[in-house]
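Protein chains get the first letters and strands the later ones, always in sequence-line order, with residue 1 at the start of each.
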There are 2 protein chains.
Amino acid sequence: MYVTSSPDFNDDTAVIPARKPSIARQATITIKPGKHLFLEDDPAGLIYEVASGVLRLTRIMEDGRRQVIAFGYPGDTVGFPSNGRYHTDCDALVPTTLIVHRRSDLESAKGDPELHLRLLRAALREISGMQDHFMMLGRKSSIEKLASFLLVLSARVGEPLGEYTQIALPMTRADIADFLGLTTETISRTFTQLRKSQIIAIDHVNTVVILKPVGLRAIAQGDSD
Amino acid sequence: MYVTSSPDFNDDTAVIPARKPSIARQATITIKPGKHLFLEDDPAGLIYEVASGVLRLTRIMEDGRRQVIAFGYPGDTVGFPSNGRYHTDCDALVPTTLIVHRRSDLESAKGDPELHLRLLRAALREISGMQDHFMMLGRKSSIEKLASFLLVLSARVGEPLGEYTQIALPMTRADIADFLGLTTETISRTFTQLRKSQIIAIDHVNTVVILKPVGLRAIAQGDSD
DNA sequence: CGGCATTTTGAAAAAATTCAACTCAAGTGG
DNA sequence: CCACTTGAGTTGAATTTTTTCAAAATGCCG
């Protein structure tokens, strides 16, 4: 079974047409918060493109330590296989709609060359994005990490609020901590620090407003502090 | 210019044959230690497969902080482009021979479908490998990081030495530090710690012998310590 | 042998974690 | 509608880990 938590299957076209995919309706599934799309070491038959919602990709160590590998936002593609298997767990943070592709769409240009190239590009973009994440995990301080994280989200899913930018955080502090390689306490303290220095405002626990994007950018890159 | 440090070009066949690549001699280059194969943001026209030697892939922050993204060992493929550009610097730690592929070999199956698939698989393997590295950077202690690093090298390029396994380290302590997100001092102290507990022996600064692989594995996974 | 960069070691400082308590917000059921 | 419960988030203080700064040792190369 590829879909480990049996989400609603909403397969408009059981057989994905090999041609004119932009015209044909695509196979999509919907998955509810907390439900898993796949688990580490599951055989990987499908690749998913996020249409709406947010996914969480994680890996867990034997002793329970967790690393959030990525959050999957609309436009992101998840589930790239290696040796035929997924190598992270993947679940949804909010109700999420996914466009389903077959692994063969990535691995061969036989079916739909355009789709093939699109998936390949997504994989290459993934590699590039992960390299940014490396720098963040390995070489940045807690405040630089959080500032970088907020900036990425801001650029990706920020919404204008008057003259400022608002960001919804569908993930918990623990998720952010496991993404940035920190603890929830450190995340909380760092949010407080950014709030007290008037760089951000925290409306609701899960809603951040960026008051000084320039200041945030300076922090993210380590200019002075 | 793709090859930023003008390594010896050793192009046996100037035009790479589209068919029967396994029979045709392949385009290779040789690059000397310290010389750069490419730099971040260089336009990426070529993809390289390490035939022999060791590469170092790095990214540098404005203020000089460095992250070693990966070491490229024989069998590894480097230079995957995103938006047509490289996104790390790449240089050689020892004299290194590379098989050269064109970007189009990865991006299209038109030329050589077999090569295309091989490069694609390499990209997917890359993604998988980077995810291991995430867990290491984000969630492991210094000793766990170094133990994990030595185990990976051991499996990859370890050589039997009597009943033990010997590892050559072509990189400096600073390289290892920047790979694991630590300082050279911490790397040095951690080596000493492993040496004093008889888990490893350090013949020469750049030659480690694994005396107790089981112990090393236990440390890498955080089994007590 | 001398010079230079790398590595190691030590001690102090800084950063982040751990452990513990407290606050807050969102449900639940009386 | 309100007390009660619960889980997430925040804050504080102590501890641990890692870094920083400094100095000594090592090894390599001419």
With the side chain of R195(A) defined as its heavy atoms from C-beta on, choose the nearest nucleotide among dT11(D), dT19(D), dC21(D).
dT11(D)
Quick one: label T172(A) by what it contacts on the DNA or RNA (base, sugar-phosphate, nothing), any heavy atom closer than 4.0 Å.
sugar-phosphate
Heavy atoms from other residues, nucleotides or ligands near CG of N83(A) exceed 12 (cutoff 6.0 Å):
no
Quick check on dA16(C): is either OP1 or OP2 less than 4.0 Å from any side-chain nitrogen or oxygen of T183(A)?
no
Here the distance between atom C1' of dT18(C) and atom CZ of R65(A), to the nearest Å, is 14 Å
Give S188(B) one of three labels, base, sugar-phosphate or nothing, depending on what nucleic acid heavy atoms sit under 4.0 Å from its own.
base
Any salt bridge between R217(B) and D223(B), counting N to O under 4.0 Å?
no
Whole Å only: how far is the CD1 atom of I176(A) from the C1' atom of dT10(D)?
14 Å
Going by an N to O cut-off under 4.0 Å, is there a salt bridge joining R66(A) and D89(A)?
no
Figure out the CD/P separation between E185(A) and dA13(D), and round it to whole Å.
15 Å
Rounded interatomic separation in angstrom, taking CD from E144(B) and P from dT18(D):
9 Å
Look up atom CD in Q166(A) and atom CG in D203(A), then write down how far apart they are to the nearest 0.5 Å.
6.0 Å
Listed pairs, N/O of protein and of nucleotides 28-30 of chain D, under 3.5 Å:
residue, atom, partner, partner atom, Å
dC28(D), OP1, H204(B), ND1, 3.4
dC28(D), OP1, H204(B), NE2, 3.1

Just the rounded figure in Å: distance from C1' of dC24(C) to CG of D203(A).
16 Å
Does a side-chain N or O from S142(B) land closer than 4.0 Å to OP1 or OP2 of dT18(D), or not?
yes
Is any side-chain N of the basic residue among D132(A) and R59(B) closer than 4.0 Å to the acidic one's carboxylate O?
yes
When the aromatic ring centroids of F80(B) and H87(B) are compared, is their separation below 6.0 Å?
no
Tell me whether D41(A) is salt-bridged to R85(A), with the criterion being a basic N under 4.0 Å from an acidic carboxylate O.
no
Is the shortest side-chain N to carboxylate O distance from R156(A) to D76(A) below 4.0 Å?
yes
5'-most by nearest nucleotide on DNA chain D - R139(A) or A174(A):
A174(A)
For I187(B), report the nucleic acid contact type (base, sugar-phosphate, nothing); a contact means any heavy atom under 4.0 Å.
nothing
Report the distance from atom CD1 of I143(A) to atom C1' of dA15(C), rounded to the nearest whole Å.
12 Å
Please check the phosphate of dT10(D) (OP1 and OP2 only) for any side-chain N or O of R173(A) closer than 4.0 Å.
yes
For dT9(C) and T192(B) - does any side-chain N or O of the residue sit under 4.0 Å from the phosphate oxygens OP1/OP2?
yes
Look at the side-chain N and O atoms of S141(A) and state whether any lies under 4.0 Å from the OP1 or OP2 oxygen of dA15(C).
no
Rounded to whole Å, CZ of F191(B) lies from C1' of dT8(C) at a distance of 12 Å
Let me know the distance between CZ of R189(A) and P of dT10(D), rounded to the nearest Å.
11 Å
